[in-house]
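Report on the structure given below.
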Amino acid sequence: MAKKAAGRPAKYWLFKSEADCYSIDHLAKEKNQTTFWDGVRNYQARNMLRDDVQPGDGVLFYHSNSDPLAVAGICEVVRAGYPDHTAFDKSAQHYDAKSSPDNPTWYMVDLKLVKKFEQQVTRDQLKAEPALDKMVVLQKGSRLSIMPVTAEEWKTVCRLGGVKLPM
DNA sequence: GCCAACGTTGGC
DNA sequence: GCCAACGTTGGC
């Protein structure tokens, strides 16, 4: 467990990834099971990565555009927001000419895998849970790839995933 | 600064 | 594959 961010209790987030593109199994194979979360190109999500997401925060790893749609496990933020260098790389998929090292537009954080759920928690399960009916990811039209999660929602999803009060 | 057109996301 | 929702672009 990384040390907590100074000055505030842990917050919780949901990070979306297309399972075809980068799934929790990819993360599990990374060195130290840690990766940088690059490619976010949306200002609202950027603001959260840059300003709000802190080491020690909990992250639900959600598979979008996959079958099944599901929370696959939980991660921990191990590095706070810093410039997304893939935006500077012309050969990268998410290259952005408007972002420069001197004045970066886009940010990323580092994530470490905490636990892949034995049984992933499907979107249908989430929807069936009254405690989660306000969860941002379940709201119609919510397309952000980074979303806030309440402590209650975090606990509920962890319980559904068979993880006992991990953090 | 408005808003129509367009592109993308992502659940279904 | 469809389409609703949303973000961005660009003409005016």
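Order of the sequence lines fixes the chain letters, A, B, ..., with proteins taken first and strands second; residue numbering starts at 1 for each chain. This is a predicted model, so every value here is computed, not measured.
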Exercise. Measure the distance from CD on A:Gln93 to P on B:dT9 and round it to the nearest whole Å.
Key: 9 Å

Self-check item: CD (A:Gln93) with more than 12 external heavy atoms under 6.0 Å
Solution: no

Quiz item: Which salt bridge (Lys or Arg N to Asp or Glu O under 4.0 Å) pairs, counting each pair once, include a residue from residues 39-49 of chain A, with sequence neighbours left out?
Solution: A:Arg41-A:Asp84

Quiz item: So which nucleotide from C:dT9, B:dG11, C:dG7 ends up closest to the side chain of A:Gln44?
Solution: C:dG7

Quiz prompt | Whole-Å distance separating the CG atom of A:Asp67 from the P atom of B:dG10 | solution = 16 Å

Quiz prompt | Gap between atoms CZ and P, on A:Arg41 and B:dG10 respectively (whole Å) | solution = 15 Å

Quiz item: Does the side chain of A:His85 come within less than 4.5 Å of A:Met108's, by heavy atoms?
Solution: yes

Quiz item: Expressed in angstrom and rounded to an integer, what is the separation of A:Asn65 atom CG from B:dC12 atom C1'?
Solution: 11 Å

Quiz item: Between B:dG11 atom P and A:Asp20 atom CG, what is the distance in whole Å?
Solution: 13 Å

Quiz item: Considering only heavy atoms, which members of residues 127-146 of chain A lie under 4.0 Å from some atom of DNA chain C?
Solution: A:Lys140, A:Gly141, A:Arg143

Quiz item: The side chain of A:Tyr43 lies closest to which of these nucleotides: C:dT9, C:dT8, B:dG11?
Solution: C:dT8

Practice problem: Can you pull out how bent the helix from B:dG1-C:dC12 to B:dC12-C:dG1 is, comparing the axes over its first five and last five pairs, to 10°? | Solution: 10°

Self-check item: Residues A:Trp13, A:Asp52; criterion side-chain contact (heavy atoms from CB on, under 4.5 Å); working and verdict
Solution: CA-CA 10 Å; A:Trp13 311 94; A:Asp52 295 335; 3.6 Å; yes

Quiz item: Does a salt bridge link A:Glu76 with A:Lys115, judged by any charged N lying under 4.0 Å from a carboxylate O?
Solution: no

Quiz item: Rounded to whole angstrom units, what separation is found between the CG atom of A:Asn42 and the P atom of B:dG7?
Solution: 19 Å

Quiz prompt | Value in whole Å for how far the P atom of B:dG10 lies from NE2 of A:His63 | solution = 14 Å

Practice problem: In sequence, state the C-alpha distance, the side-chain angles, and the governing distance for A:Trp37 and A:Ile146, and then conclude on side-chain contact (heavy atoms from CB on, under 4.5 Å). | Solution: CA-CA 10 Å; A:Trp37 199 265; A:Ile146 309 288; 4.1 Å; yes

Practice problem: Step through it carefully: locate the ring centre of A:Trp106, locate the ring centre of A:Phe88, and say whether they are under 6.0 Å apart. | Solution: no

Quiz item: Atom CZ of A:Arg123 to atom P of B:dG11: distance rounded to whole Å?
Solution: 5 Å

Quiz item: Is there a salt bridge (Lys or Arg N to Asp or Glu O under 4.0 Å) between A:Arg8 and A:Asp57 once you walk through the steps?
Solution: CA-CA 10 Å; A:Arg8 67 155 173 76; A:Asp57 286 356; 2.9 Å; yes

Quiz prompt | pair A:Leu14-A:Phe61: side-chain heavy atoms closer than 4.5 Å | solution = no

